[in-house]
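Residues: numbered from 1 along the sequence shown.
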Amino acid sequence: MGYDESVRGNSEPSPGTHTVVPAPDPAPVESGGDRLGVHVVWELLLLVAAAGVAYLLWRENPDTLRGDDLRSLLVDGAVLGLLALAAGLSLRTAAVNLAIGPAAVAAALHMAEQGDRGAVAALGPAIAAGVLGGLLLAFVVTVLHVPAWAASLAAGAALVAYIERRGDPVLPQGSYDPTSDALYLFAGFAALAVLGGLFGALRPIRRLAGRFRPVSDPARRPGVLAPVVAGGALVASSVLAVLAGSLLGTPAAGPVAVGSGLDWTVLAVGTALLAGTSAFGRRGGILGTLLAVSLVTLVLTDLRASGLSASRWAVGAVVLGVGLVVTRLVEAYGGARDDREAVADGPDLDEQLPADWNVRRPEPLTDWTATLPPQPAESPTDQWELPDWGSGRHWDPSRR
């Protein structure tokens with residue numbers, strides 16, 4: 001028993017053992033203030049790239065920038081712009097909506113089939129369906145608190161199942177020609193993009209929009225206001241996708257092909273990332289969406305005019321890859337100086353671990369006496385020790 005007490009009382013670790021001190025959970029350090037300098041520099045590069053592609057297109061195929069071809073180009077830019085706005089809005093709130101492409105194709109099929117009733121009469125039910133679908137998606141993401149990409153991908157799969165009920169391309173039945181309003185449509189998209197960028201540059205708006213962005217444990221609920229903002233962005237992105245699809249279901253766009261629409265999702269999300277919107281949420285530029293949409297639209301038009309394959313999958317893959325690099329630059333250089341210093345001064349988990357973390361097998365002991373605790377000089381008298389019968393001291397019953 002004395003040995004047990006001495007072992008329990010010894011608080012010093014034995015040689016060869018490592019004591020790991022758990023590191024405290026780092027608190028959120030993001031304040032909502034960002035540096036817009038990286039966005040300004042990137043948007044200047046986008047402007048130069050878009051102007052260069054437009055100049056090449058003018059030299060090689062000048063007819064694409066005149067008359068009906070120019071109006072078709074503006075409509076194509078408006079379609080991609082609305083989808084890029086939908087993707088960028090959901091990305092800014094850290095609740096990306098991957099169902100925007102299937103939603104656009106479903107809206108295009110509905111518009112093509114019901115267009116003979118009139119553009120407004122056909123568009124009303126489509127917008128209502130977009131609002132209801134966005135509300136359902138927002139409920140799943142915010143109330144159940146599941147990743148938005150997974151929930152929106154499931155919603156997109158349901159829309160694809162609805163789309164694939166049709167086997168052949170659908171010929172539009174309406175009479176509305178969006179090319180007659182091409183300038184107004186593109187100007188409306190540009191106004192939404194620029195105004196959204198200006199409002200997003202304000203620190204209170206940016207901080208409000210980025211509340212759903214996780215800064216510690218993504219499984220923690222961020223409160224009440226953040227889910228409301230993220231849910232509103234999901235609804236708005238669904239409506240924008242429906243508006244973009246309604247332009248694809250007009251006679252000017254030709255027969256509506258039956259497809260999944262995920263190629264539109266890849267192209268739209270890639271364009272939003274190329275514009276400088278962070279894939280992690282909150283951060284974004286001012287003119288980036290307008291410039292990125294213009295650049296991608298010009299590239300697609302140049303490829304078609306040159307007789308090359310202009311697959312949305314191929315262009316979307318390239319744009320998405322470049323957009324991911326832009327996200328890394330935005331996150332590395334777009335944070336506020338105080339936030340970056342707070343992260344740099346935070347506890348380093350690697351420093352909490354010992355330098356030698358290899359688990360070694362203990363060697364067999366050869367001298368067991370070396371492991372025993374030191375024994376006292378004089379052994380204490382044990383009260384249960386038997387009397388010494390040889391000393392003449394015997395037990396006498398009369399002494400009780």
Side-chain angles (χ1 to χ4, degrees), residues 61 63-87 100-127 129-130 159-160 162-190 238-268 271 293-294 296-305 307 309-316:
N61 300 282
D63 292 338
T64 57
L65 300 179
R66 298 193 187 102
D68 293 338
D69 291 338
L70 177 60
R71 286 189 285 270
S72 299
L73 176 64
L74 292 176
V75 172
D76 293 340
V79 171
L80 179 58
L82 290 174
L83 289 174
L85 280 177
I100 54 177
V105 174
L109 291 172
H110 169 79
M111 193 71 180
E113 294 173 345
Q114 305 296 327
D116 55 349
R117 299 167 47 194
V120 177
L123 186 59
I127 293 179
L159 289 173
V160 171
Y162 166 78
I163 294 170
E164 290 182 347
R165 295 174 57 189
R166 302 164 178 82
D168 299 328
V170 178
L171 186 64
Q173 302 298 317
S175 59
Y176 173 70
D177 187 4
T179 57
S180 60
D181 301 324
L183 181 60
Y184 300 105
L185 292 174
F186 189 82
F189 146 69
S238 300
V239 173
L240 289 172
V242 169
L243 292 176
S246 65
L247 296 177
L248 295 175
T250 55
V256 180
V258 177
S260 65
L262 292 177
D263 52 346
W264 281 110
T265 296
V266 172
L267 186 61
T271 304
V293 168
S294 301
V296 174
T297 304
L298 289 171
V299 169
L300 288 171
T301 304
D302 191 18
L303 291 176
R304 286 194 297 264
S309 176
S311 172
R312 283 190 293 269
W313 283 111
V315 177

Side chains of Ile127 and Leu243 in contact at under 4.5 Å (non-hydrogen atoms): yes
Considering all heavy atoms, the nearest Ser294-Phe186 contact: OG-CZ, 4.1 Å
Any side-chain heavy-atom pair of Ile163 and Ser260 under 4.5 Å: no
pair Leu109-Tyr162: side-chain heavy atoms closer than 4.5 Å: no
Among Leu300, Leu298, Thr64, the one residue meeting side-chain contact (heavy atoms from CB on, under 4.5 Å) with Leu73: Leu298
With sequence neighbours excluded, residues passing side-chain contact (heavy atoms from CB on, under 4.5 Å) with Asp76: Thr297, Arg304
With Ala182 via side-chain contact (heavy atoms from CB on, under 4.5 Å) - residues at least two apart: Arg71, Leu74, Val75
Under the side-chain contact (heavy atoms from CB on, under 4.5 Å) test, residues paired with Ser311 that sit two or more places apart: Ser309, Trp313, Ala314
Where Ala122 and Gln114 come nearest, the two heavy atoms and their spacing: CB-O, 3.4 Å
Test item: Pro172 and Met111 side chains (from C-beta on) under 4.5 Å apart, heavy atoms: no
Non-neighbouring partners of Ala87 that pass side-chain contact (heavy atoms from CB on, under 4.5 Å), sequence neighbours left out: Ile100, Ala268, Val269, Ala272
Rounded distance (nearest 0.5 Å) linking atom CG of Leu247 with atom CG of Leu82: 6.5 Å
Atom pair CG/OG1 of Leu303 and Thr301 - distance to nearest 0.5 Å: 8.5 Å
Smallest separation among heavy atoms of Ala107 and Ser246, with atom names: CB-N, 4.3 Å
Check: Leu80 and Phe189 side chains under 4.5 Å, non-hydrogen atoms: no
Validation row: Leu267, Leu83 side chains within 4.5 angstrom (heavy atoms): no
Set of salt bridge (Lys or Arg N to Asp or Glu O under 4.0 Å) partners for Arg117, sequence neighbours left out: none
Listed once per pair and sorted, the salt bridge (Lys or Arg N to Asp or Glu O under 4.0 Å) pairs that draw on residues 238-266, sequence neighbours left out: Asp263-Arg312
Criterion side-chain contact (heavy atoms from CB on, under 4.5 Å) on Leu248 and Val79, from CA distance to verdict: CA-CA 8 Å; Leu248 295 175; Val79 171; 3.9 Å; yes
Listed once per pair and sorted, the salt bridge (Lys or Arg N to Asp or Glu O under 4.0 Å) pairs that draw on residues 165-185, sequence neighbours left out: Glu113-Arg166
Pairwise side-chain contact, Tyr176 with Val120, heavy-atom cut-off 4.5 Å (strictly under): no
Partners passing salt bridge (Lys or Arg N to Asp or Glu O under 4.0 Å) against Asp63 (at least two apart in sequence or in another chain): Arg66
Heavy-atom closest contact (Pro178 atom, Ala252 atom, distance): CD-CB, 3.9 Å
Reported CG-to-OG1 distance for the pair Leu70 and Thr179, which is rounded to 0.5 angstrom: 11.0 Å
Closest heavy-atom pair and its distance - Thr265, Gly101: OG1-N, 2.9 Å
Considering all heavy atoms, the nearest Ala86-Ala241 contact: CB-N, 4.4 Å
